[in-house]
Number of protein chains: 2
Amino acid sequence: MGITKTQIFTDKQNDLAQFFKVLGHPARVAILQYISNQNACICNDLVEEIGLAQATISQHLKELKSIGLLNGEVEGKSMCYCINVERWTDIQKKLNTFFNKTKSNCC
Amino acid sequence: MGITKTQIFTDKQNDLAQFFKVLGHPARVAILQYISNQNACICNDLVEEIGLAQATISQHLKELKSIGLLNGEVEGKSMCYCINVERWTDIQKKLNTFFNKTKSNCC
DNA sequence: AATTAATATCGTAATATTGCAATATATAAT
DNA sequence: ATTATATATTGCAATATTACGATATTAATT
């Protein structure tokens with residue numbers, strides 16, 4: 001079908017999967033790395049930097065915003081995006097909890 | 001288009017995104033959690049446990065195997081899947097390196 | 001007010017993913 | 001050998017994602 005059966009999973013499982021999913025695209029990985037390398041907020045150097053169309057970059061930014069990873073502020077006629085450090089750390093913790101809990105005791 | 005432009009990203013970015021992507025489905029999160037909760041290797045209790053068709057579970061297992069997270073051993077007429085702990089730890093480290101390096105210094 | 005620049009949204013095409021029924025394969029049990 | 005059981009693969013339908021051009025929208029500049 002193409003539709004994930006979210007109803008049969010717990011909220012935690014769905015949330016966790018959603019975090020992983022949003023991070024599961026190289027453009028979004030690259031965007032986050034680029035933002036962190038600039039010592040200031042970025043605007044749309046990203047279009048030049050990454051090499052995808054402006055509409056595409058905008059879409060990826062939207063997905064990163066959707067899980068709260070980015071804050072966006074209007075800065076004149078451009079946008080200033082930056083990483084929401086609190087959320088960033090929060091998600092990192094959640095992923096690590098998953099990794100630490102999920103341990104193998106077999107084979 | 002629907003096709004990710006992997007050529008414009010580094011191997012590291014693509015690999016990282018691939019790990020995230022494979023973990024980015026609630027069924028695969030649930031499978032990993034279930035395997036870790038059993039004190040032994042599992043076979044296909046998963047079909048009953050998770051509530052997806054056998055073919056679907058088999059597909060998800062294949063994806064988890066594709067990044068080396070699962071080992072599968074023939075056990076009579078069933079399969080014994082277990083988490084590859086070494087790989088598991090390795091991927092956890094890589095994700096944490098990404099999280100730690102990607103830090104914000106703005107806003 | 002008109003123009004320019006930056007970003008967002010819409011519409012659309014191409015491709016990918018999810019899920020399942022049906023079928024194939026392989027081993028154990030009879 | 002036949003049957004039963006467990007898993008993998010194939011083929012297909014439905015939906016999602018990726019990417020982009022075209023078009024809003026919004027704010028600064030002239």
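This structure is a prediction, so every number in the text was calculated from the model and none was measured. Numbers restart at 1 for each chain; the letters A, B, ... are given by sequence-line order, proteins then strands.
Side-chain proximity of B:Ala55 to the nucleotides D:dT9, C:dT7, D:dA19 is greatest for D:dT9. Comparing C:dA16, C:dG19, D:dT17 by their closest approach to the side chain of B:Lys21 singles out C:dA16. Of all nucleotides listed (C:dA8, D:dA19, D:dA6), D:dA6 comes nearest to the side chain of B:Lys77. Side chain of B:Gln59, nearest nucleotide from D:dT18, D:dA19, C:dC20: C:dC20. Across C:dT18, C:dA8, D:dT9, the shortest atom-to-atom separation from the side chain of A:Tyr81 is found for C:dA8.
Across all strands shown, B:Ile57 has no heavy atoms under 4.0 Å from either base or sugar-phosphate atoms. B:Ser58 comes within 4.0 angstrom of a nucleotide base, judged by non-hydrogen atoms across all strands. Base contact: B:Thr56 has a heavy atom under 4.0 Å from a base atom. Backbone-only engagement by A:Glu63 is indicated by non-hydrogen atom pairs under 4.0 Å involving sugar-phosphate atoms exclusively.
The nearest pair of heavy atoms linking B:Leu64 to B:Val22 is CD2-CG1, 3.9 Å.
For a distance-only test at 3.5 Å, the side chain of B:Gln54 qualifies as a donor-acceptor partner of the base of D:dA8.
Between the CD1 atom of A:Ile3 and the C1' atom of C:dG19 there is a distance of 10 Å, given to the nearest Å. What separates NE2 of B:His25 from P of C:dT17 is a distance of 11 Å, to the nearest Å. Distance, A:Lys62 NZ to D:dT18 C1': 14 Å, rounded to whole Å. Rounding to whole angstrom units, NZ of residue A:Lys65 and C1' of C:dA8 are separated by 8 Å. In this structure, CG of B:Leu70 is placed 11 Å from P of D:dA8, rounded to the nearest angstrom. Rounded to a whole Å, the CD atom of B:Gln7 is 13 Å from the P atom of C:dT15. The separation between B:Glu73 atom CD and D:dT7 atom P is 14 Å, rounded to whole Å. One can place CD of A:Glu75 at 19 Å from P of D:dT26, the figure rounded to the nearest angstrom.
Checking side-chain atoms of B:Asn84 against main-chain N and O of B:Asn71 turns up no donor-acceptor pair under 3.5 Å.
Aromatic ring orientation, A:Trp88 versus B:Phe99: tilted (interplanar angle from 30° to 60°).
For B:His60, a side-chain nitrogen or oxygen approaches OP1 or OP2 of C:dG19 to under 4.0 Å.
Between A:Arg87 and A:Asp90, at least one side-chain nitrogen of the basic residue sits less than 4.0 Å from a carboxylate oxygen of the acidic one, meeting the salt-bridge criterion.
Among the candidates B:Gln33, B:Arg28, B:His25, the single residue satisfying the side chain to side chain donor-acceptor pair (under 3.5 Å) test with A:Gln13 is B:Gln33.
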